Amino acid sequence: MGDKNSEVVIIGGGLAGLTCAVTLADRGVPISLFESRPRLGGRASSFEEKQTQHLIDNCQHVSMGCCDEFNRFCETVGISAYFRREKKLYFVGPSHSGKGLSTSNESGIPFKVNSFAASSWLPAPLHLLPAFGGLSYLSMQEKLELARGLKQLARISVDFNNEPTMAEWLAEQRQSQNVINRFWNVVLVSALSESLERISLSHAQKVFVDGFLRARDNWQVLIPTVPLDQLYGDVILKRLEQKQAKVHLQTGVDRVQIEAGKVVGVQLRDGQNISCERVIVAVPHQRVLSLFPDAFEGRESLKRVEEIESAPITSVHLWFDREITELPHAVFVDCLSQWMFNRSRIMQQSSETEFYYQIVISASHNLRGEERQGRSQKEIIAEVVEELSQVWPEARQAKLIHSRMVTEHQAVFSVKPGIEELRPSQRTEVAGLYLAGDWTSTGWPATMEGAVRSGLKAAEFLLDDLVRPESLLLQQSQTGILSKILFRL
Ligand SMILES: Cc1cc2nc3c(=O)[nH]c(=O)nc-3n(C[C@H](O)[C@H](O)[C@H](O)COP(=O)(O)OP(=O)(O)OC[C@H]3O[C@@H](n4cnc5c(N)ncnc54)[C@H](O)[C@@H]3O)c2cc1C
């Protein structure tokens with residue numbers, strides 16, 4: 001691997017590290033990327049499912065129209081054609097606005113599939129009004145209550161040093177339990193992978209402003225049509241190799257060596273030392289401090305990273321012997337299941353005998369081993385299948401050929417009030433040391449967008465230090481004129 005001081009070492013081949021690698025390699029900066037696993041992509045990657053022998057994603061990843069930097073990165077590396085843009089969302093909820101019971105299953109009200117799409121003529125932020133107005137599971141009074149809540153949320157200025165949780169704020173706004181369960185919970189828990197009792201008001205505000213109010217297409221969802229491994233593992237790997245970037249898989253880094261306030265090298269887990277003057281550490285927040293010496297100037301300012309908490313996401317993978325619905329996806333309202341992805345349709349796989357669906361349950365704190373309330377994985381899968389059967393009776397006739405439940409316990413960082421104080425800048429106090437990762441300071445929650453932004457910012461700081469300054473992030477998100485006027489966005 002040589003002793004090349006001019007080479008930039010990138011530790012971690014998740015989206016943050018890959019963004020740094022692509023950005024720097026495109027500009028002729030020599031790089032070596034070290035990834036401890038056999039694959040690139042980090043948390044956004046795939047694995048071979050033993051029984052079906054298919055390459056499946058550890059969990060469905062989606063992007064949104066508002067993810068400007070991630071979407072631009074996909075164009076840069078040539079993978080944007082592998083995402084399908086959903087211009088219509090399907091919300092599955094009770095067919096009318098019955099109140100009181102916690103789930104629509106228990107209430108006995110039949111389910112209805114509500115199509116949700118933007119009006120073709122209304123400008124942002126009014127473009128989704130007719131779609132909200134048409135939701136079967138909210139009464140007119142609840143829709144007005146919701147409109148009042150949304151307007152208030154868009155207009156308030158949040159004090160980051162003393163902000164409430166979203167649950168506290170909704171209580172202050174006197175939003176009813178039905179509106180909370182059937183709207184706020186549905187949108188925010190899947191967008192931020194946390195429960196309303198933990199989500200900070202500022203992060204909730206960002207979801208609605210960026211996703212629903214700022215510009216017309218921001219709310220649209222982009223779903224990969226191939227396993228993530230083919231995108232980040234194959235296409236990006238090839239591109240990096242073409243640019244003479246060195247990618248070392250299954251090569252973990254043990255330590256970043258720091259002397260007299262500057263980076264002097266890294267030590268690999270196999271004991272090999274590599275001299276270098278610039279390192280980008282793009283590992284998850286739980287791993288970052290263990291890579292540094294016990295004492296160095298700048299450690300104190302990084303220590304708060306240890307206070308960042310994580311939230312789990314569970315995916316339930318189901319293979320049926322027949323198609324249970326033709327819908328490409330569905331969002332479940334007030335159920336255990338939150339999103340259904342019809343992977344066979346999305347991937348355009350035409351098997352006559354095997355139909356693959358993936359159900360995502362974000363903020364799955366109470367599905368964790370110790371908190372499952374006595375339920376086994378088998379029982380949780382059965383509950384999910386029962387929910388599908390209530391919506392699509394075909395599922396009751398279908399044979400479940402195979403199932404698998406995967407819980408990522410440290411899927412994302414928890415967007416609790418105060419989180420922004422714990423997220424460090426990509427530039428550190430140590431000369432030549434940069435950080436990247438969705439958990440660094442980007443203002444975004446733990447998303448592919450956040451990871452890409454962090455990588456761009458780290459690369460920007462590094463190029464600045466090489467006296468090659470360049471603005472790498474888009475200066476501003478597109479904002480509709482009316483949104484600017486109404487909400488001063
Ligand atoms: C279940 C789940 C569902 C999600 N759903 C979505 C979604 O729908 N949409 C969305 O936008 N985001 C989603 N996310 C979040 C998204 O995956 C992350 O925000 C993003 O991938 C983080 O990228 P990263 O590069 O910051 O970190 P990571 O992907 O964690 O990459 C860090 C890399 O560093 C490597 N590493 C660690 N230590 C070392 C070492 N010592 N030496 C070398 N390498 C090391 C790791 O192996 C890893 O590959 C989801 C995440 C999970 C887990």
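In this text the structure is predicted, and so the values were computed from the model without any measurement. Counting starts at 1 for both ligands and their atoms, in listed order. We count residues from 1, following the sequence as given.
Contact shell of ligand 1 (protein heavy atoms, cutoff 4.0 Å): Ile11, Gly12, Gly13, Gly14, Leu15, Ala16, Phe34, Glu35, Ser36, Arg37, Gly41, Gly42, Arg43, Ala44, Cys59, Gln60, His61, Val62, Gly252, Val253, Arg269, Ala282, Val283, Pro284, Arg287, Leu291, Ile313, Glu408, Ala411, Gly437, Asp438, Ala446, Thr447, Met448, Ala451.
Using a 4.0 Å cut-off between a side-chain N of Lys or Arg and a carboxylate O of Asp or Glu, Asp217 and Lys87 do not qualify as a salt bridge. Under the 4.0 Å criterion applied to side-chain N and carboxylate O atoms, Arg27 and Glu470 are assigned as salt-bridge partners.
Between the side chains of Glu429 and Ser301, at least one donor N or O lies within less than 3.5 Å of an accepting N or O.
For Glu460 (side chain) and Leu472 (main-chain N/O), a donor-acceptor pair under 3.5 Å exists by modelled atom type.
Of all non-hydrogen atoms in Met347 and Pro227, the two that sit nearest each other are SD-CD, 4.3 Å.
Qualifying ring-ring contact (aromatic ring centres under 6.0 Å, His included) partners for Trp339, counting only residues two or more places apart in sequence or in other chains: His329, Phe341.
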